Amino acid sequence: MTTILTGDSRERLKELEDNSIDALVTDPPYLINFMGKDWDKENSPAGDSSFWEEVLRVMKPGAHGLVFGHSRQHHRVMTALEDAGFEIRDCLMWFYGSGFPKSHNIGKSVTKLQGDNDWEGWGTALKPAYEPIILVRKPLEKKLTIAKNVLKHGVGGINIDASRIGTQEDFSNVKPRKMMSNQGSVKTDDHDHTASDTWQAAKDKLQNLGRFPANVLLSHHPDCKKVGEIEEITKNHNAPKGTFAGGEPNRGSETIYREQKNIIPVYECADDCAVKILDEQSGTTKKTKRKEGKARLRKAHALVPSTGKANAPDNYGDGGGASRFFYCSKVGKKERNAGDVRNTHPTVKPIKLMTYLTKLITPPNGKVLDPFMGSGSTGMACALEGFDFVGIDMDEEYVEVSKARIEWARAQKEND
């Protein structure tokens, strides 16, 4: 069910019931006077704690929110959220790399004043290439543990497994130390992930569902093109003879028990693509074999020399650039005007990104609120994922654009 309200969010929020919203996903004004727009002045409700108090009221105890911000002013939004009573849980970073530099050319200005000068090449700002996304949570109901809160209110956690980073890599031989980084196993006073999953269960989850989601998100540039695919064959072996601790010559097997075909998409990326830039800086590693004659630590206090066999366990490292560790979305050029509308909104967000974010914090059949709806990207994500949606915007033109785009998304869902 989709509910769209036209008007000032500060007033229309009062129509919503207490504790009725399961998740908040919104892209509020950035308080930077963007393009001279009236809705982005410094007195925007995004920096007003009393506004966020009203949002807090309508959310269920334990409900999460994701609030976009600007690199220069997001601290004001974060402070307002915290002052309103929200818990600041994290700050995600969305890297897109396609921003337009808005730097003043100092050298050119000085030249107009006095002719030749030494300020050529100096400016006033960097190129924008990321946006912070503040992860908040309404406090749990008093005296309830997280488990009791999710049972009573249906919210309180984030959907880790539905948000894992898909991978084509083979993890059959991954070791516990690797699992700590890929699976996200941690042990603290109030969270013991290693006790809830056996290593085998965690390994199966990693292989079948992907890596643990990180607080870094990437987007391909709109001009990036998928130009093909690479096929890799991964062979999984039992431990070869002579590779066990102690060197028992007859223990082990040469049997290949599984071959897995991996299909890896290949993109021709634009120069400003965040995925390309990250991989260029990190370098792209290939699946490698341990060099003959090298030794490795098998288990505590047991150093086992290499057999020189290509199929020895752990001979294979994972390959690729650093981008493989993070969620990467591809922006569709047709998204902006989906629904046969002319969408002139200046800050349209990628649908795949918004779909990923809504899925991260919204329970099945949950209701999502966006009090700064814009042209409806959050609502489109909800339509595609089967979530209820409540959107509010004061611009009547964008409200109509949102309705058309959300209806288009709903039709896509029904036709799948």
Side-chain angles (χ1 to χ4, degrees), residues 1-3 13 15-26 52-67 81-82 84-92 133-165 179 183-206 208-215 327 354-371 378-379 381-390:
M1 177 179 178
T2 297
T3 302
L13 279 170
E15 303 172 25
L16 304 184
E17 296 181 1
D18 293 358
N19 305 320
S20 60
I21 298 296
D22 297 290
L24 166 74
V25 181
T26 190
W52 294 114
E53 287 174 3
E54 191 65 15
V55 174
L56 187 76
R57 176 187 66 80
V58 304
M59 294 177 68
K60 296 178 180 178
H64 281 83
L66 287 163
V67 182
L81 285 162
E82 191 170 44
F86 281 101
E87 301 168 353
I88 305 300
R89 305 294 293 181
D90 206 336
C91 188
L92 289 67
I133 308 173
I134 307 162
L135 176 63
V136 298
R137 187 177 73 177
K138 181 175 179 176
L140 306 177
E141 182 178 328
K142 291 183 178 179
K143 298 183 179 181
L144 291 188
T145 63
I146 182 66
K148 290 181 179 179
N149 195 93
V150 298
L151 290 175
K152 181 175 181 179
H153 298 288
V155 292
I158 55 179
N159 198 342
I160 298 296
D161 282 357
S163 307
R164 287 176 177 271
I165 314 305
M179 290 297 300
Q183 172 67 14
S185 299
V186 294
K187 185 173 182 178
T188 62
D189 290 340
D190 60 351
H191 179 72
D192 186 354
H193 185 83
T194 57
S196 62
D197 282 341
T198 63
W199 283 119
Q200 186 58 51
K203 184 186 294 186
D204 291 343
K205 190 172 287 188
L206 174 62
N208 298 326
L209 299 179
R211 287 188 170 93
F212 208 88
N215 57 4
Y327 171 76
M354 303 309 291
T355 300
Y356 181 84
L357 294 175
T358 55
K359 189 166 56 176
L360 175 67
I361 64 171
T362 311
N365 304 312
K367 183 183 292 185
V368 179
L369 169 67
D370 185 353
T378 303
C382 291
L384 292 170
E385 290 298 315
F387 300 134
D388 290 340
F389 175 67
V390 178

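Just so we're clear, the structure is a prediction, and the values are computed from it rather than from any experiment.
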What is the minimum heavy-atom distance between [X] and [Y], and which atoms define it?
X	Y	answer
W52	F86	O-CE1, 3.6 Å
Y356	S163	OH-O, 2.7 Å
K367	S20	CD-O, 3.7 Å
T358	A381	OG1-CB, 3.9 Å
K359	A162	CE-O, 3.4 Å
P139	L56	CD-CD1, 4.4 Å

Worksheet item: Does the side-chain contact (heavy atoms from CB on, under 4.5 Å) test come out yes or no for L369 and L13, once each step is laid out?
Response: CA-CA 10 Å; L369 169 67; L13 279 170; 4.0 Å; yes
Say you draw a straight line from [atom1] of [X] to [atom2] of [Y]; how long is it, rounded to the nearest 0.5 Å?
X	Y	atom1	atom2	answer
L66	L357	CG	CG	5.5 Å
T2	F387	OG1	CZ	12.5 Å
T355	E385	OG1	CD	5.5 Å
M1	N365	CE	CG	14.0 Å
I88	R137	CD1	CZ	12.0 Å
T145	L140	OG1	CG	8.0 Å

Is the shortest heavy-atom distance from the side chain of [X] to the side chain of [Y] under 4.5 Å?
X	Y	result
P61	N149	yes
N159	T362	no
F212	R164	yes
T26	T378	no

Fill in: salt bridge (charged side-chain N to carboxylate O under 4.0 Å, His left out) partners for R57, two or more places apart
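For R57 the salt bridge (charged side-chain N to carboxylate O under 4.0 Å, His left out) partners, ignoring immediate neighbours, are D18, E54.
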Discussion item. Can you tell me which residue among V155, N19, L24 is in a side-chain contact (heavy atoms from CB on, under 4.5 Å) with K138?
Written reply: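 Of all the options given, the one that passes is N19.
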Worksheet entry | Which residues share a side-chain contact (heavy atoms from CB on, under 4.5 Å) with I158, sequence neighbours left out |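 Here the qualifying residues are H64, I160, L360, I361.
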